[in-house]
Amino acid sequence: MLILTRKQDESIVIGEDIIIKVVGVEDGRVKLGISAPKDVSIHRHEVYEAIQQENREAVVNREISIKDLDILIQNKKKPKQG
Amino acid sequence: MKTETRFFGELEYGESEVLYFPAGIFGFEDCKNFIPIDNPEGGGVFKWLQSADRPELAFVVMNPFFVMADYEFDIPESVVKTLQLEKPEDALVLAVVKIPDNLNKMTVNLRAPIVINTTNNRAMQTVLEDDRYNLKHPVVSSMQDAG
């Protein structure tokens, strides 16, 4: 991993068209400004990891009938009787 | 074409049915081909996505608009480009469902929808930077809220 030291208002350039600028530093929090092409996806790493984990937990590990799931939610959608 | 699957035995499918995820899905980046399998009785909200690469890998997905009628997002430019999407109406949106033992507690990931270009079957899971949408949105209780 490349490690660089930057001060406020300094930036780094990645490739030809991605610029990351340190916009502010305060109380242990670093505010970054990122300029990148629109087709580059940028996410907070913890959100990305949480979604990977959510998908791993969503892998079906037993027999499930999607017909039963459809029936379940259709029944829930009906207004309560009485 | 045929593939072995854990839940559907030997599954026969047409090449044109396969959804191609160039980047895989999060956590399964090497799994790029999925076969959608609908409720055999038709008309359902849920469907399966069976991996064509790994027999044991299958997900249940659903139409997210069913749990949140006003679910909406701008399709990120990265998705438009990857899927070669030309018109918004070509996009089909699905969300991954997590099913615990108690079916009433199943949740759907509205934060990371799957977008499919129905004209070429290219697909991608994306992350929305929108805190209104939860990774674990309850399915059954939203039905009751919807009345």
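With a 6.0 Å radius and a threshold of 12 heavy atoms from other residues, nucleotides or ligands, A:E49 has its CD atom above the threshold. Enclosure of atom CD in A:E26 is not indicated, since only 12 or fewer non-hydrogen atoms of other residues, nucleotides or ligands lie within 6.0 angstrom. Heavy atoms of other residues, nucleotides or ligands lying less than 6.0 angstrom from NZ of A:K21 number 12 at most. Surrounding CG of B:N102 are more than 12 heavy atoms belonging to other residues, nucleotides or ligands, all under 6.0 Å away. At most 12 non-hydrogen atoms from other residues, nucleotides or ligands lie less than 6.0 angstrom from CD of B:E15.
Side-chain heavy atoms closer than 4.5 Å link hydrophobic residues (I, L, V, M, F, W, Y) into clusters, and following such links, possibly through other members, connects B:Y133 to B:I75. Linking Ile, Leu, Val, Met, Phe, Trp and Tyr residues whenever their side-chain heavy atoms come within less than 4.5 Å leaves A:I20 and A:I3 in two separate clusters. Hydrophobic clustering keeps B:L92 apart from B:F73 (ILVMFWY residues linked when any side-chain heavy atoms are closer than 4.5 Å, directly or through intermediates). Under a hydrophobic clustering in which Ile, Leu, Val, Met, Phe, Trp and Tyr are joined whenever their side-chain heavy atoms come within less than 4.5 Å, directly or via other members, B:M106 and A:V60 fall into the same cluster. A continuous path of Ile, Leu, Val, Met, Phe, Trp and Tyr side chains, each step under 4.5 Å between heavy atoms, connects A:I34 with A:V40, placing both in one hydrophobic cluster.
The two residues B:F46 and A:I73 come nearest to each other via the heavy atoms CE1-CD1, 3.6 Å.
By a heavy-atom distance cut of under 4.5 Å, B:V96, B:V97, B:K98, B:I99, B:P100 are the residues of residues 93-100 of chain B near chain A, going up by number. Identified by a heavy-atom distance below 4.5 Å to chain A, the contributing residues of residues 52-60 of chain B are B:E56, B:L57, B:A58, B:F59, B:V60, in residue-number order.
With a 4.5 angstrom heavy-atom cutoff, B:T126 does not touch chain A via any of its atoms. Residue A:I71: no heavy atom, backbone or side chain, is found under 4.5 Å from chain B. For B:D101, the parts lying under 4.5 angstrom from a heavy atom of chain A are both the backbone and the side chain. Proximity to chain A (any heavy atom under 4.5 Å) is restricted, for B:I37, to the backbone atoms N, CA, C and O.
Taking the side chain as every heavy atom from C-beta outward, B:V45 and A:Q74 approach each other to under 4.5 Å. Side chains of A:K38 and B:K81 form no contact here, defined as non-hydrogen atoms less than 4.5 Å apart. Proximity of A:Q53 to B:L135: side-chain heavy atoms (C-beta onward) are nowhere separated by under 4.5 Å. Looking only at side-chain heavy atoms (C-beta outward), B:W48 and A:I64 come within less than 4.5 Å of each other. With a 4.5 Å cut-off on side-chain heavy atoms, A:R56 and B:F28 count as touching. A:D70 places none of its side-chain heavy atoms less than 4.5 Å from the side chain of B:E41. Using a 4.5 Å heavy-atom cutoff, the side chains of B:Q125 and A:N55 are in contact. You'll find the side chain of B:N104 reaches within 4.5 Å of the side chain of A:L72, heavy atoms only.
Judged purely by atom type and a 3.5 angstrom limit, A:R44 has no side-chain atom pairing as donor or acceptor with the backbone of B:E129.
Summarising the geometry, atom CD1 belonging to A:I51 is positioned 8.0 Å from atom CG belonging to B:L128; distances are rounded to the nearest 0.5 Å.
When B:R111, B:K47, B:R6, B:E29 are compared by the number of non-hydrogen pairs under 4.5 Å with chain A, B:R6 comes out ahead. Residue with the most contacts toward chain B among A:R62, A:E63, A:K67, A:E57: A:R62 (heavy-atom pairs, distance under 4.5 Å).
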| request: Check the pair B:M62, A:L69 against side-chain contact (heavy atoms from CB on, under 4.5 Å), reporting the backbone distance first and the verdict last. | output: CA-CA 10 Å; B:M62 75 182 295; A:L69 298 182; over 6 Å; no
